[in-house]
Amino acid sequence: MKKNRTTRFDVPVGQLTEEQASSELCELAETISRHDRLYYGKDQPEITDAEYDALRRRNNAIEALFPQLILPDGPSRRVGTEPAAGFRKIRHAIPMTSLENALTLDHMGKFLDGVRNFILELHDRNISIELVGEPKIDGLSCSLRYEKGLLVQGLTRGNGFEGEDVTANVKTIKDIPRQLPGKGWPDVLEVRGEVYMSDEDFLRLNEQQEIVSGKPFANPRNAAAGSLRQLDPDVTAHRPLRFFAYAWGEVSTPIAQTQWEARHKLKEWGFKLNEPSTLVEGIDSDTTTLSRYYENIHAQRSSLGFSVDGVVMKINRLDWQDRLGFDSRSPRWAIAWKFPPEQAMTLIRNIEVQIGRLGRATPVANLAPINVGGVLVSRATLHNRDEIERKDIREDDTVIIQRAGDVIPQVVAVVKDRRPVHSRPYAFPTLCPVCGSTLAREEDAAETYCTGGLVCQAQARERLLHFVSRNAFDIEGLGEKNIRLLYDKGLLRTPVDIFTLEDRDRHSGQPLSTWKYWGDTSAINLFDAINRARAISLDRFIFALGIRQVGEATARLLARHYLTVRNWCESMEAAVDPDSDARKDLLSINGIGESMAKDIVSFFREPQNQEVLNKLCSPRDISESPVTVRDFEPMKMASPVSGKTVVFTGKMETMSRSEAKARAERSGANVVSSVSRKTDYVVTGPGAGSKEKEARKLGLTILSESEWLDLTGKV
Ligand code: IVH
């Protein structure tokens, strides 16, 4: 039974040489992962729990003494943070979006103006707006699906469209009812809220973490995320997680008429709510009541017992929430009003320049580590050369830094009277620190770029990292260290190489499984993750390519417009000609402007990008594609305008233009800004001009506002 124990327990950890420690960590990784497979995979453990725990403790003790030897895929990495194999991904019935952030009262005023302009009668009759205020909890959001009152599914937010299936894990959280009490709940009810950890529980857990693994969590939010995203729900069960409910997703029948009333319902159904909350009445242009609540929560921040980074203000009336709907990123009916960033003073040890995937050279300050609002900060971005000159930031300077939420910490100011006498202004390098090519700056632009292109290893590696990142191809096991390793060994150069890696590995004299720190399991896990990633949706695929200015939201706009990878690629190739119909079509997409269109077609103009695209999904020879790009699936709706292309021109009379567009999009229509042969409907109002003329010339269907409303019905 114990024949596989290969560790040398006889040498006390403190007496190990670095070489011994390194070889023992490799052995432990192999042994532990073998026992994991026997236990989790086959249900046939060969050792007792106590013996298994002893192996892990030994591994953790060695890692604590030799942190430089920690294996990228070693046992502590697998259970402590990211799971080795992924969670199943499931599509959200209704996307889980994020919130727009406001940092000032002025921004809050603009938010209210936006609501007023969107819902016309509010503007015209100066009707007051009621808002619900809640603390903004810093945890991770989760969607809980109840069918006939029974908890059937728990999903993380994921990328907002697809979440990870953490059902078994959420069932271990005491604040989450498995069966809803009472009655009156809809048959289908998705409760959304935040999984978090209280300050006290976080401190206690971190004391244990420190002893067991020597790696405490940076903050309560990371602790909550790390604890929920455990492959073994038993581990989650032993973590002190809690849950606040604040919203809902799919519901089979409406749950209330106002947000305030909905909160009461959620409470009746057994959920805890974020408190202290408020119902602010009678707001017109006056924001004093809002500020009072904000200041009040800010003042109580440290005594609430959980981490709060601002307040969330939501329009109380749910019929208005429905009308306001969502833009591509967030709801128009809610806003997060964040607390000001937390600041601290520390020393800049040195400044280095990092090269991003598009070649941008970003100066970064390495700091004497400092705790800022509960997070240990050791680096801060200096943005660009101008910023360094403007603030006269130098190595060895004492500086004030600040961090706000997830944003990378920044240097606010230099404490000049602490500057050492020998100090010299920072000389921005003229050559790329990675490939030695010239660092160039376009006229009138603040940014400096490495001109090395594909020659620059930093750019190539960053591009690969983006390609495999969570919201792109999502390949676990290909983190920074492994990309660097495989790149340096010449095995990975372009994204295409990822998908041929296993084949090449099989025929190689020195397969990955024989590499130092790797072993069978990590190689198998990596190839499994790569194979799982071979099918990808069009929006993720476009995002993965890393085209300048094309983030997730833009990638989705493109996917929705072009529907198939073949259509998209062919249209973009045609759009390279600035006078082509294809370019006009690209520019007609709401949200795509001239500069973005230029960046997209520049990407297509590069032969090496064309080659990667052709090899990846061979739009002309599907059978040989290493990846399958799934067609974009427009929401299937019974609406007669679903999938149709619509242009609005002139003034709308019964609603604002924004509301008209939002309604059309909600019924599945594609709203574009210019008229072409591909346009299905042109909706006209008073003041319509050239677009209406063009539509007549092309013989398109022209509708008045009321005809359009008759066609779409009440949405
Ligand atoms: S409402 C449609 N209310 O903050 C969006 N979110 O930065 C519904 N959060 O993704 C979200 N406290 O994870 C809402 N009282 C609260 C919240 C809250 C924390 C989180 C949530 C959201 C993120 C946005």
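A salt bridge does not link R532 to E476: none of the charged side-chain nitrogens sits closer than 4.0 Å to a carboxylate oxygen. Taking the charged nitrogens against the carboxylate oxygens, R58 and E27 have no contact shorter than 4.0 Å, which rules out a salt bridge.
With sequence neighbours excluded, the residues satisfying side chain to side chain donor-acceptor pair (under 3.5 Å) with S537 are D539. Checked against salt bridge (charged side-chain N to carboxylate O under 4.0 Å, His left out), D175 has the following partners two or more places apart in sequence or in another chain: K272. Not a single salt bridge (charged side-chain N to carboxylate O under 4.0 Å, His left out) links D528 to another residue, sequence neighbours left out. Residues satisfying the side chain to side chain donor-acceptor pair (under 3.5 Å) criterion with N222, sequence neighbours excluded, are absent altogether. Checked against side chain to side chain donor-acceptor pair (under 3.5 Å), R242 has the following partners two or more places apart in sequence or in another chain: D201.
Here CD1 of I542 is found 11.0 Å from CZ of R556. Values are rounded to the nearest 0.5 Å. Here the straight-line distance linking atom CD of E480 with atom CD1 of I483 works out to 9.0 Å at 0.5 Å rounding. Note that the OG atom of S141 and the CG atom of L155 stand 11.0 Å from one another [nearest 0.5 Å].
Inter-residue side-chain proximity for L150 and E147 is flagged as unmet; no heavy-atom pair is nearer than 4.5 Å. Between Q459 and R357, the closest side-chain pair of non-hydrogen atoms is not below 4.5 Å. T167 is listed as a side-chain neighbour of K171, based on a closest heavy-atom distance under 4.5 Å.
The ring-ring contact (aromatic ring centres under 6.0 Å, His included) analysis of residues 458-488, with sequence neighbours excluded, yields the pairs H466-F543, F467-F473, F473-F499.
With a 6.0 Å radius and a threshold of 12 heavy atoms from other residues, nucleotides or ligands, R548 has its CZ atom above the threshold.
Closest approach of Q610 and F604 over heavy atoms only: NE2-O, 2.8 Å.
With no hydrogens or angles considered, a side-chain donor-acceptor pair links N366 and E352 at under 3.5 Å.
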